[in-house]
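Just so you know, these numbers use all the heavy atoms, side chains as well, and skip hydrogens, waters and symmetry mates.
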Amino acid sequence: MKTAITELFGIQHPIIQGGMHYVGFAELAAAVSNAGGLGIITGLTQRTPELLAKEIARCRDMTDKPFGVNLTFLPSFTAPPYPEYIAAIKEGGVKAVETAGRSPEAYMPALKAAGIKVIHKCTSVRHSLKAEKIGCDAVSVDGFECGGHPGEDDIPNMILLPRAADELKIPFVASGGMADARSLVAALSMGAAGMNMGTRFVATREAPVHANVKQALVKATELDTVLVMRALRNTERVLKNKGVDQLLEVEREKGASLKIEDIHEQVAGVYPRVMVDGDMDAGAWSCGMVVGLIHDIPTVKELIDRIMREAEQIIRQRLTGFLDGTVADLATRAVA
């Protein structure tokens, strides 16, 4: 399948693995790239630029296919040494960067000078247009369904993706709620040139996280995520657990007076405890509503091959069948 995204990044399939804290290590990024997608190393999971350089080299040993690095831009008072991280990316020969968080505008000259293609994650059309204006090559349009930070507009992808298609000139991928062939075909039909999957890739054999995490995703339903930190305008979608229950209780007690210090125990340093130690009640960790569509733990190649095979079936058989009058509306289910 060829789209503007496969052409932009030199990949076989229009599937990107989003950057995820304490998940986006070389093992997963290489597996996605080897399977024809675009794997992403999470830059800031590596505590220093030197460690990121080593992780890039480790990934390079595992794949000869294109892969990228995620850089999340944090508020200035906690800003990591981004120029040094970008230098490590450039020196590692990485040609794709997924940016997230605050605008990457200040770092675009350095990224473009290095010949790096930039895809910025946006939760609104207005932010997507700003990304286009500052020179981003593509955007990842992140709907309300997504794990992590969905923004504050609460617009789901059934609305957000067509709106993005109406306004943008650069290509975009659908992010949030993406899990299978149906997700990909739906995203393409609404104007996207591919899809970005986060939570779904956590439940794969190669994802370097504790088995408890993968089992939790398989067991959970679409009703098992919740939004936290809304009062702080830093809304995050997370998987329900005992630590999150405690966080929600504090939020109820504090109301509009909530401060980040009030929930420090439930949000700080949680990811190593969950992803490495398997403590599923440690606190808030990002998880999308798409968890309701996760029922197995395949290899990355099995997952991507299945998505592309079934996407072709949906397009060639089910959708064309509707036009030809050869498919009964409710008689065919294209994916398992």
Side-chain angles (χ1 to χ4, degrees), residues 1-18 28 31-40 65-66 138 140-143 145-147 156-162 164-165 171-207 214 217-218 220-222 288-336:
M1 183 182 289
K2 285 189 177 182
T3 74
I5 286 295
T6 64
E7 297 298 290
L8 179 65
F9 294 114
I11 55 179
Q12 183 181 359
H13 305 308
I15 298 174
I16 297 174
Q17 165 246 317
L28 181 58
V32 173
S33 292
N34 284 332
L38 183 68
I40 301 286
K65 302 292 196 300
S140 181
V141 178
D142 220 10
E145 308 92 329
C146 73
N157 269 330
M158 284 293 287
I159 307 300
L160 189 58
L161 297 178
F172 67 94
V173 298
S175 183
M178 303 292 116
D180 56 28
R182 296 168 294 187
S183 310
L184 177 57
V185 175
L188 295 173
S189 74
M190 288 187 281
M195 68 178 180
N196 176 303
M197 296 196 304
T199 303
R200 186 60 187 94
F201 275 126
V202 181
T204 58
R205 300 271 287 279
E206 292 91 343
K214 301 179 187 184
L217 296 179
V218 171
T221 77
E222 65 275 16
M289 294 175 76
V290 74
V291 71
L293 299 177
I294 297 175
H295 308 300
D296 62 353
I297 306 172
T299 67
V300 166
K301 179 172 172 46
E302 288 169 347
L303 176 61
I304 291 180
D305 284 352
R306 182 170 71 197
I307 289 171
M308 298 311 301
R309 180 180 66 252
E310 292 178 353
E312 183 173 352
Q313 290 173 356
I314 292 171
I315 295 167
R316 293 188 185 278
Q317 298 175 23
R318 183 173 173 79
L319 298 185
T320 302
F322 286 137
L323 296 176
D324 295 342
T326 58
V327 175
D329 192 14
L330 297 177
T332 300
R333 185 166 182 257
V335 295

Query raised in the report: So, for Pro156 and Glu145, which heavy atoms are closest and what is the spacing to 0.1 Å?
Result: CB-OE2, 3.7 Å
Query - side chain to side chain contact (heavy atoms under 4.5 Å, CB included) evaluation trace for Gln17 with Val300 - result: CA-CA 10 Å; Gln17 165 246 317; Val300 166; over 6 Å; no
**Report entry** Side chain Arg200, main chain Ala203, donor-acceptor under 3.5 Å
**Finding:** yes
Query raised in the report: Checking side chain to side chain contact (heavy atoms under 4.5 Å, CB included) for the pair Met190/Met158: CA distance, chi angles, key distance, verdict?
Result: CA-CA 8 Å; Met190 288 187 281; Met158 284 293 287; 3.9 Å; yes
Query - Donor-acceptor pair, side chain of Glu206 and main chain of Leu28, under 3.5 angstrom - result: no
Query raised in the report: Can you name the closest pair of heavy atoms from Ser189 and Ala186 and give their distance?
Result: OG-O, 2.7 Å
Requested in this report: Say whether, by atom type as modelled, one donor and one acceptor occur between the side chain of Thr299 and the main chain of Arg205 under 3.5 angstrom.
Outcome: no
Query raised in the report: In this structure, which one of Leu217, Val202, Thr221 forms a side-chain contact (heavy atoms from CB on, under 4.5 Å) with Val291?
Result: Leu217
Requested in this report: Report yes if some heavy atom in the side chain of Phe201 is under 4.5 Å from a heavy atom in the side chain of Ile16; otherwise report no.
Outcome: no
Query - Where Leu161 and Ala174 come nearest, the two heavy atoms and their spacing - result: CD1-CB, 3.6 Å
Report summary line: Between the NE2 atom in His13 and the OG atom in Ser33, the distance rounded to the nearest 0.5 Å is 11.5 Å
Requested in this report: Nearest 0.5 Å please: distance from the CD atom of Glu222 over to the CG atom of Leu293.
Outcome: 7.5 Å
Report summary line: Exactly one of Leu38, Val173, Thr3, Leu8 clears side-chain contact (heavy atoms from CB on, under 4.5 Å) with Pro14, and that residue is Thr3
Query raised in the report: Below 4.0 angstrom, N of the basic side chain to O of the carboxylate: do Arg309 and Asp180 qualify?
Result: no
Query raised in the report: Does the side chain of Ile307 come within less than 4.5 Å of Met195's, by heavy atoms?
Result: yes
Query raised in the report: So do the side chains of Ile15 and Met178 get within less than 4.5 Å of each other, counting heavy atoms only?
Result: no
Query raised in the report: Does Val290 offer a backbone N or O that forms a donor-acceptor pair with the side chain of Thr199 under 3.5 Å?
Result: no
Query - Neighbour count >12 (heavy atoms, 6.0 Å) for atom NZ, Lys301 - result: no
Query raised in the report: Does Ile314 reach the side chain of Leu319, with side-chain heavy atoms less than 4.5 Å apart?
Result: yes
Report summary line: Scanning both residues in full, the closest heavy-atom pair of Ile40 with Gly18 reads CB-C, 4.3 Å
Query raised in the report: Looking at Glu312, Gln313, Met308, which hits side-chain contact (heavy atoms from CB on, under 4.5 Å) with Glu310?
Result: Gln313
Query raised in the report: What are the two closest heavy atoms between Ile5 and Pro171, and how far apart are they?
Result: CD1-CB, 4.2 Å
Report summary line: When every non-hydrogen atom of Ser183 is compared with those of Gly177, the smallest separation belongs to OG-O, 3.6 Å
Query raised in the report: Taking it one step at a time, do Leu188 and Met1 satisfy side chain to side chain contact (heavy atoms under 4.5 Å, CB included)?
Result: CA-CA 11 Å; Leu188 295 173; Met1 183 182 289; 3.8 Å; yes
**Report entry** side chain to side chain contact (heavy atoms under 4.5 Å, CB included) between Glu302 and Thr204, intermediate numbers included
**Finding:** CA-CA 9 Å; Glu302 288 169 347; Thr204 58; over 6 Å; no
Query raised in the report: Does Asn196 use its side chain to pair, donor to acceptor, with the backbone of Gly176 at less than 3.5 Å?
Result: no
Query raised in the report: Distance-only, no hydrogens or angles: does the Thr6 side chain make a donor-acceptor pair with backbone N or O of Lys2 under 3.5 Å?
Result: no
